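One is the number of the first residue; the rest follow in order along the sequence. Quick caveat: nothing in here was measured; it's all calculated off a predicted structure. Whatever order the structure lists ligands and atoms in, that order sets their numbers, starting from 1. We use all heavy atoms of the structure for the numbers below, so side chains are in, but hydrogens, waters and symmetry mates are not.
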Amino acid sequence: MANQHPDVRHLIVVFGDQLDPQATAFEDFDPDRDAVWMGEAEEESTHVWSHKQRIALFLAAMRHFRERLRQDGIRVFYRELDQSPNATSLFDQLDACLRETLPEKVIATQPGEWRVLDNLKTCCRKRKIPCEIREDRYFLVTLDEFRAHAKGRKSLRMEFFYREARRKHNVLMNRDGTPAGGQWNYDADNRETFGRHGPESVPSFDGFKPDKLTRAVLDLVNKRFADHPGSLESFAWPVTPEEAKLALDDFVENRLASFGRFQDAMWTGEPWLYHSRLSTALNLKLLDPRDVTKAAEEAWSKKRVPLASAEGFIRQILGWREYVRGIYWLNMPGYENRNELGANGKLPGFYWTGETEWTCLRETIGQTLRHGYAHHIQRLMVTGLFGLLAGIDPSEVHRWYLAVYVDAVEWVELPNTLGMSQYADGGLMASKPYAATGKYIQRMSNYCGNCPKNPANATGEDACPFTTLYWDFLDRHRKTLEQNPRMKLQVRNLDRRSHKDLAVIRKQARDLRQRLTIAE
Ligand code: FAD
Ligand code: SF4
């Protein structure tokens with residue numbers, strides 16, 4: 001085909017989670033000679049059965065970004081889904097653009113997902129066009145820094161990584177190099193519950209009313225992805241940097257002060273509580289993590305929020321978020337196939353409907369389908385814990401999480417799901433499996449009060465499935481778990497159970513797993 005755009009020097013490839021005009025790919029950008037390519041592809045919403053809000057969020061934010069670039073006089077090659085009635089893959093679209101434009105070079109900032117990076121390189125190789133992948137400086141810790149941190153360490157732990165990052169970026173530090181308040185970590189202050197009465201008036205935040213551009217996307221998603229999970233009714237996510245900044249300001253002003261104390265607590269009918277809801281804006285790069293940590297630190301230094309809240313929040317951004325990215329890139333490809341506990345069960349159907357009598361799962365999955373959102377402890381200690389204890393294949397669990405959460409992008413979702421919640425990496429991410437009985441959920445929420453099951457019981461009619469499956473999990477994996485010093489106490493408690501008792505638990509657990517179509 002004749003070159004229809006012979007004047008393209010560099011083609012800057014921007015993926016849907018790279019909506020940052022300051023990205024390294026734009027350094028030395030010359031609007032007279034360079035152009036940007038972005039694509040919408042059905043496959044990106046169907047390779048996992050994506051929640052409608054997740055699809056809509058990406059498309060709406062991408063289209064707003066495209067408009068901004070065009071307003072700045074930048075040429076953008078962009079194909080909307082509406083223009084592609086047939087499913088053309090993202091990289092077929094890119095290939096067509098490369099064929100037409102024949103740029104001297106393709107430039108991209110390091111993509112967030114290994115699959116995307118690999119496809120991009122293959123695509124350029126096929127057309128014999130040089131492809132320059134630039135460092136993603138949006139993150140506070142570079143991948144080389146993470147590799148250097150990991151080198152020679154037998155095991156990686158978030159806490160040590162986090163301390164290094166605090167020192168390097170001088171966040172919550174005293175002048176003499178000690179941590180503010182004398183402690184690195186106020187985790188122990190982050191575990192309060194709401195007691196019997198529940199949270200006191202959580203300041204409401206309605207989010208953002210969809211504008212014309214977003215409304216067009218919502219219509220498109222409703223029509224084209226009608227059979228996908230979830231609903232669009234409550235869609236109010238920030239889709240521009242301006243909205244993301246307002247969301248950050250609102251959080252710092254109204255909810256950060258209580259974030260620390262109630263970080264792990266859950267309550268019926270309260271999907272958001274004191275959480276920031278900033279993961280989508282951060283993951284799409286509408287919000288700079290430096291601005292987020294700075295805003296929290298400033299709120300503390302001006303005495304507007306307690307140190308435990310500011311530190312608890314900053315630990316999530318500068319600690320966990322950067323750490324999981326390092327784990328992802330250190331272990332990809334191949335990490336997605338790990339299954340150290342050999343779990344092979346099928347994901348129960350209620351994960352897609354929320355239809356179950358078990359209140360904690362119904363609440364968590366219900367709000368996930370309504371909003372595409374659940375907070376960390378709901379993801380880890382309700383839906384994740386159930387998958388772990390029931391022995392569900394970690395790749396099925398991973399695909400579910402990647403599909404149903406609006407903030408799901410693989411580099412952050414995969415280590416959290418497969419590593420932290422399913423222990424499928426054998427302890428790379430977490431020093432021990434997050435295994436607990438239903439009593440943990442009882443302590444941290446009011447779910448059990450409205451459930452036909454009793455978290456204290458492992459057997460019998462009213463046995464809590466978490467409690468039954470917990471003992472069965474310890475029993476099935478005793479050999480592996482007893483090697484782990486942090487699991488010694490739990491294994492010792494298992495040993496206190498009589499053979500007879502254990503036999504009844506095993507049978508009840510087996511019946512339960514079979515009933516949920518979980519394979520043995
Ligand atoms: P807040 O509770 O307000 O926390 C503040 C910010 O800290 C978040 O916005 C997020 O950017 C960051 N953060 C907190 N915990 C983590 C963590 N463990 N890893 C990385 N960043 C963290 N987060 C995603 O962004 N995308 C995912 O796909 C995702 N999948 C998860 C799957 C499982 C099984 C688990 C246990 C956690 C997952 N998380 C994921 C982490 C966390 O649950 C979400 O970041 C958080 O719930 C988002 O809500 P929020 O913005 O209100 O967070
Ligand atoms: Fe969940 Fe068990 Fe509590 Fe029911 S009793 S809400 S199943 S933890």
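Taking a 6.0 Å sphere around CZ of Arg196, one finds it holds 12 or fewer heavy atoms contributed by other residues, nucleotides or ligands.
For a distance bound of 2.8 Å, the N, O or S atoms of Cys464 include none lying that close to atom 4 (Fe) of ligand 2. Atom 1 (Fe) of ligand 2 lies under 2.8 Å from an N, O or S atom belonging to Cys360.
One distance of note links CG of Leu282 with CZ of Arg321; it measures 4.5 Å at 0.5 Å rounding. We find the OG-CD distance between Ser231 and Gln53 to be 6.0 Å, quoted to the nearest 0.5 Å. One distance of note links CG of Leu156 with CD1 of Ile327; it measures 5.0 Å at 0.5 Å rounding.
Taking every non-hydrogen atom of Ile317 and a distance limit under 4.0 Å, the qualifying atoms of ligand 1 come out as 6 (C), 7 (O). Within ligand 1, counting atoms from 1 as listed, the ones closer than 4.0 Å to a heavy atom of Phe313 are 5 (C). Atom numbering of ligand 2 starts at 1 in the shown order; those under 4.0 Å from a heavy atom of Cys451 are 4 (Fe), 5 (S), 6 (S), 7 (S). Each of the following atoms of ligand 1 lies closer than 4.0 Å to a heavy atom of Leu282: 11 (O). The ligand atoms of ligand 1 that sit less than 4.0 angstrom from a heavy atom of Leu278 are 9 (O), 51 (O). For ligand 1 and Ala374, the ligand atoms under 4.0 Å from any heavy atom of the residue are 47 (O). Less than 4.0 angstrom separates some heavy atom of His376 from each of these atoms of ligand 1: 18 (N), 36 (C), 37 (C), 41 (C), 42 (C), 43 (O), 47 (O). Distances below 4.0 Å separate heavy atoms of Tyr401 from the following atoms of ligand 1: 32 (C), 34 (C). Atoms of ligand 2 lying under 4.0 Å from at least one heavy atom of Pro465, given by number and element, are 7 (S). Below 4.0 Å from some heavy atom of Phe259 lie the following atoms of ligand 1, by number and element: 1 (P), 2 (O), 3 (O). The atoms of ligand 2 that sit less than 4.0 Å from any heavy atom of Pro455 are 5 (S).
Note: Phe194 and Tyr274 have tilted aromatic rings, judged against thresholds of 30 and 60 degrees for the angle between ring planes. Between Phe259 and His275, the angle of the ring planes goes over 60°, which puts this pair in the perpendicular group of the 30/60° scheme. In this structure, Trp272 and Tyr373 have tilted ring planes: the angle between them lies in the 30° to 60° band. Between Trp400 and Tyr405, the two ring planes are perpendicular [angle over 60°; tilted spans 30° to 60°]. Ring planes of Tyr323 and Phe161: tilted class, angle from 30 to 60°. Using cut-offs of 30° and 60° on the angle between ring planes, the pair His228 and Trp49 is tilted.
Taking both residues in full, the closest heavy atoms of Arg443 and Thr193 are given as O-CG2, 3.1 Å, listed atom of the first, atom of the second, then distance. Here the closest non-hydrogen pair linking Lys52 and Gly230 is NZ-O, 3.0 Å. Residues Thr467 and Asn457 share a closest heavy-atom pair of CB-O, 3.6 Å.
Protein heavy atom closest to atom 53 (O) of ligand 1, with residue, atom name and distance, is Ser276 OG, 3.9 Å. Protein heavy atom nearest atom 22 (C) of ligand 1, with residue, atom name and distance: Gln316 O, 3.9 Å. The protein heavy-atom contact nearest to atom 2 (O) of ligand 1 is His275 ND1, 2.7 Å. Taking atom 26 (N) of ligand 1 as the reference point, the nearest protein heavy-atom neighbour is Asp407 O, 2.9 Å. Atom 48 (C) of ligand 1 has Ser279 OG, 3.3 Å as its closest protein atom, hydrogens excluded (heavy atom only). With hydrogens left out, the protein atom closest to atom 50 (P) of ligand 1 is Arg277 N, 3.5 Å, a heavy atom. Remark: minimum distance from atom 23 (N) of ligand 1 to any protein heavy atom is reached at Val412 CG2, 3.6 Å. If you check which protein heavy atom lies closest to atom 29 (C) of ligand 1, you get Arg379 NH1, 3.4 Å.
Contact annotation: the side chain of Tyr440 never approaches that of Val382 to less than 4.5 Å [non-hydrogen atoms, C-beta and beyond]. In this structure, the side chains of Leu388 and Val397 stay at 4.5 Å or more apart for every pair of heavy atoms.
The heavy atom nearest to atom 35 (C) of ligand 1, out of those in Asn416, Val404, Leu385, Leu418, is found in Asn416. Proximity annotation for atom 5 (S) of ligand 2: of Glu363, Lys453, Met381, Glu357, Lys453 comes nearest, heavy atoms only.
At a heavy-atom distance under 4.0 Å, no atom of Trp272 approaches ligand 1. Only the side chain of Tyr373 comes within 4.0 Å of ligand 1, counting heavy atoms alone; its backbone N, CA, C and O stay farther away. Contact annotation: for Pro452 versus ligand 2, there are no heavy atoms closer than 4.0 Å. Residue contacts with ligand 2 for Cys448 involve both N, CA, C or O and side-chain atoms from C-beta outward (heavy atoms, distance under 4.0 Å). At a heavy-atom cutoff of 4.0 Å, ligand 1 is contacted by the side chain of Asn283 but not by its backbone.
Applying the ring-ring contact (aromatic ring centres under 6.0 Å, His included) test between Trp411 and each of Tyr335, Phe139, Tyr328, Phe146 identifies Phe139 as the sole match.
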